2 protein chains.
Amino acid sequence: MIPPIPRPTIYDVAARAGVSKSLVSLVLRGSANVSPSRRRAVDAAIEELGYRPSRAASSLAGSRSRTIGVVIDDFGNPWFVDLLRGLRSVLDPEEFHVTVADLQLDAVSGRNPVDGFLAMHAEGLVLAAEPEPAMLERLTIPTVVAGSRECIPSGADIVATDDVLGARMALQHLFALGHRSIGHLTGRSGAARLRLAGYRESMSEAGLPALVTGELGGTTEGAGYAAAGELLDDHPGVTAIFAANDTMALGALAALRERGREVPRQVSVAGYDNTAIAAASYLNLTSVDNHSDDIGVDAARALLARIGDPEREPRHILRKPSLVTRSSTTKPPP
Amino acid sequence: MIPPIPRPTIYDVAARAGVSKSLVSLVLRGSANVSPSRRRAVDAAIEELGYRPSRAASSLAGSRSRTIGVVIDDFGNPWFVDLLRGLRSVLDPEEFHVTVADLQLDAVSGRNPVDGFLAMHAEGLVLAAEPEPAMLERLTIPTVVAGSRECIPSGADIVATDDVLGARMALQHLFALGHRSIGHLTGRSGAARLRLAGYRESMSEAGLPALVTGELGGTTEGAGYAAAGELLDDHPGVTAIFAANDTMALGALAALRERGREVPRQVSVAGYDNTAIAAASYLNLTSVDNHSDDIGVDAARALLARIGDPEREPRHILRKPSLVTRSSTTKPPP
DNA sequence: TGGATTTTTTGGAGCGCTCCATAAATACGC
DNA sequence: GCGTATTTATGGAGCGCTCCAAAAAATCCA
């Protein structure tokens, strides 16, 4: 368990391979100007000694940490997994290290994840959460905001899917099925606000009244349950419910069952995010897919571009979502 | 966006505060032997310059990275969130940095998370996943295995809940309700294997035949759906299904509905892990709670103890799970 | 009041690397 | 064959800290 010998350093490798430490460094960084024989010798020495370069030393000496920080909202809400996958598909080949911090968990101990990334000299930041504006002070590294957020640090790139459009797509689908009395469950978040806007626009264009609940609540399953309950009590006539996300939709299902309303025969339900929840065959929820993996890819590219050229004008990429139709939505009862 | 001035260093702070760099370092590390006036001056300078100590430099110089690596299996399966919370509740006050790597995501780009942590000089490792044995080679830092795992690196501490007991508790509950024909959905994982063992023991003690499916599959929702389908086709008489985890139980619900079997009136369903899935009021699944947050607390303590005393004998802590009874289980039909 | 303690402060060495300027080895051209 | 270009290889400086030994300042006690 204890390292019998202290960790080998680049000097140990050099000695073993019979070369200079600089040559080892060259091999480590994959320089082209190393003779094959030396390279083999160094590789062998590395292998034999079980040498691993020290990140701390290389980032200190090279003034490049090759680290990208990702701030997400809550590990418990797995929408970020696809985002991460997308980010890494671009960043891994470039030998960047992606580290993730969760705003919720950090908040418990009063930590500031942005500070943490700054302390580790992260070369770039992906904001996939709604951070406190105070956290963004002195944010001097390339930053890209992923997803729709309330508070955008100046100079940051933005990569998001069009949540207004996504909501409109869901509504379009419900209209096409024949629904006219459609309620919406919202909550306090940047994304929810835009989805609400899309809902309002669609309803108003169709000449229908907006039926919205949950404006003051969160976007959790419990909040969805509460908001749906309120909606159903105030407007018993709704034939469809569009929720700001899948978890809220799950909550709505409970509220509906409690009131003896069958889904989708009596009431259709649509969610947002196309998470595993929506895809589970037991639930099989119609949901708007915001293609987080693509967002991740674009965000990573934007970051790389900005790291390469800090003077680059911030860009704003808005992707199109798509609707995944499943069995939770159907025609309204006659 | 661009740092107008290069990041301030400890020297800049020292100059501004009119003290030596060593004194600044002392303040940074909270030494007791600093006069209040100097401390104030240094703190003010730090604030004014927006100084943040460089992690790379301090871990290089101090040969302490104050970093703990956590290896989890899959960000998509949020059982680890409570574990993380528990870990951090202990590690944060000790000024440790907890960083998480996901085996699935790392595998995509052929990375080895353990290697990564070793490269960043992590002082300790929490294995909350089933890593390849190859990853554990030359694992020379304090390690604690969290949860029931197949492959335990020698010398590691182990902190887990008793999965055999957990399974027995679930079965006890089903027996008490009057069930006799109980099927089990399993999968390939260390935890699943133990839960299977608990199931087998309980059934055999009760003189009942074990009805198990899914032995060759994973532990996902889809795997649960498939295994439950198989179980129901082979043994249409089962009145209860005990799944190796909540996601599998969710899959089972779909298979049951497809076959027109009502839950819980005709068939009771119990899961494991007591995740948000189980707690969602629409699903409201009976589930075994393994108290991951407590596991996290114990794992962190074990790690701290071993970092303090590397010669310490490895310990094996086994906690008791508890059963959360919800509406998915009830008496069997008469 | 002066020496011995104790507390506070300081410069220097060095952590393990990268980067640069330069040296050594090799290749090229006539 | 010898000077010049080109490719490889090297030592030294330094990244921003921590740690240590030792200096300076403050405190104590006879």
Side-chain angles (χ1 to χ4, degrees), chain A residues 3 5-43 45-46 49-67 95 97 118-123 140, chain B residues 3 5-43 45-46 49-67 95 97 118-123 140:
Chain A
I5 318 132
R7 286 175 58 137
T9 74
I10 202 170
Y11 283 93
D12 300 316
V13 175
R16 174 130 195 160
V19 300
S20 73
K21 58 146 195 17
S22 304
L23 208 253
V24 177
S25 174
L26 250 20
V27 170
L28 248 33
R29 284 169 296 135
S31 160
N33 296 326
V34 176
S35 66
S37 64
R38 305 288 185 116
R39 185 184 301 276
R40 268 195 307 276
V42 170
D43 284 338
I46 288 175
L49 295 171
Y51 166 80
R52 298 168 201 282
S54 155
R55 258 187 118 56
S58 70
S59 90
L60 181 58
S63 66
R64 294 213 53 180
S65 65
R66 303 214 76 92
T67 296
E95 299 292 322
H97 225 247
L118 254 32
M120 45 172 83
H121 291 244
E123 291 186 43
T140 49
Chain B
I5 318 134
R7 285 175 57 141
T9 74
I10 201 170
Y11 283 93
D12 300 317
V13 175
R16 175 131 195 162
V19 300
S20 73
K21 56 146 197 16
S22 305
L23 209 252
V24 176
S25 173
L26 250 21
V27 171
L28 248 32
R29 284 171 295 136
S31 160
N33 296 326
V34 176
S35 66
S37 63
R38 304 287 183 118
R39 185 185 302 276
R40 267 195 308 277
V42 170
D43 284 337
I46 288 175
L49 295 171
Y51 166 79
R52 298 171 202 282
S54 156
R55 264 186 109 55
S58 71
S59 88
L60 181 58
S63 65
R64 294 215 53 180
S65 65
R66 305 213 76 93
T67 295
E95 299 291 322
H97 225 248
L118 254 32
M120 46 172 80
H121 291 243
E123 292 186 44
T140 50

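Just so we're clear, the structure is a prediction, and the values are computed from it rather than from any experiment. Letters go in sequence order (proteins before strands), and every chain restarts at 1.
Rounded to a whole Å, the CZ atom of B:Arg66 is 11 Å from the P atom of D:dT18. Rounded to whole Å, the distance from CG on B:Leu26 to C1' on D:dC17 is 13 Å. Whole-Å rounding puts the A:Glu95 CD to C:dT18 P distance at 13 Å. As a whole-Å value, the separation of B:Arg55 CZ from C:dC15 C1' is 16 Å. What separates CD1 of A:Ile10 from C1' of C:dC15 is a distance of 13 Å, to the nearest Å. Straight-line distance from the CD1 atom of B:Ile46 to the C1' atom of D:dC17: 13 Å, rounded to whole Å. Residue B:Arg29 contributes atom CZ, which lies 14 Å from atom P of C:dT9 at whole-angstrom precision. Straight-line distance from the OH atom of B:Tyr11 to the P atom of C:dG11: 9 Å, rounded to whole Å.
The residue among A:Ser25 and B:Pro36 whose nearest nucleotide of DNA chain C lies closer to the 5′ end is B:Pro36.
Closest to the side chain of A:Ala61, out of D:dC15, C:dC19, D:dG16, is D:dC15. Proximity note for B:Ser58 (side chain, C-beta onward) versus C:dG16, D:dC17, C:dT10: the nearest is D:dC17. Listed nucleotides C:dT18, C:dT10, D:dT18 differ in distance to B:Leu23; the shortest reach to its side chain belongs to C:dT10. The side chain of A:Leu60 approaches D:dC15 more closely than any other nucleotide in the set D:dA9, D:dC17, D:dC15.
Judged by atom type and distance alone, B:Ser22 reaches the base of C:dG11 through a side-chain donor-acceptor pair under 3.5 Å. The base of C:dG16 has none of its N or O atoms less than 3.5 Å from a complementary donor or acceptor on the side chain of A:Lys21.
When A:Val42, A:Val19, A:Val13 are each tested for a side-chain contact (heavy atoms from CB on, under 4.5 Å) with A:Val27, only one passes: A:Val42.
Note on A:Leu28: nothing from the nucleic acid sits closer than 4.0 angstrom, heavy atoms only. Note on A:Arg64: nothing from the nucleic acid sits closer than 4.0 angstrom, heavy atoms only.
B:Arg52 contributes no side-chain N or O that, together with a main-chain N or O of B:Arg7, makes up a donor-acceptor pair within less than 3.5 Å.
Across all their heavy atoms, A:Ala41 and A:Ala17 have their closest contact at O-CB, 3.7 Å. Across all non-hydrogen atoms, the minimal contact from A:His97 to B:Met120 is CE1-CE, 3.4 Å. Annotation for B:Ser65 and B:Ser59: closest pair CA-CB, 3.5 Å, computed over non-hydrogen atoms. Across all their heavy atoms, B:Ile10 and B:Tyr51 have their closest contact at N-CE1, 3.7 Å.
Of the side-chain N and O atoms in A:Arg38, none sit less than 4.0 angstrom from OP1 or OP2 of D:dT8. A:Thr9 has no side-chain polar atom (N or O) that falls below the 4.0 Å cut-off from OP1 or OP2 of C:dC15. Remark: A:Arg7 is not in phosphate contact with C:dG16, judged by side-chain N or O atoms under 4.0 Å from OP1 or OP2. Using a 4.0 Å cut-off, some side-chain N or O of B:Tyr51 falls inside it from OP1 or OP2 of D:dC17.
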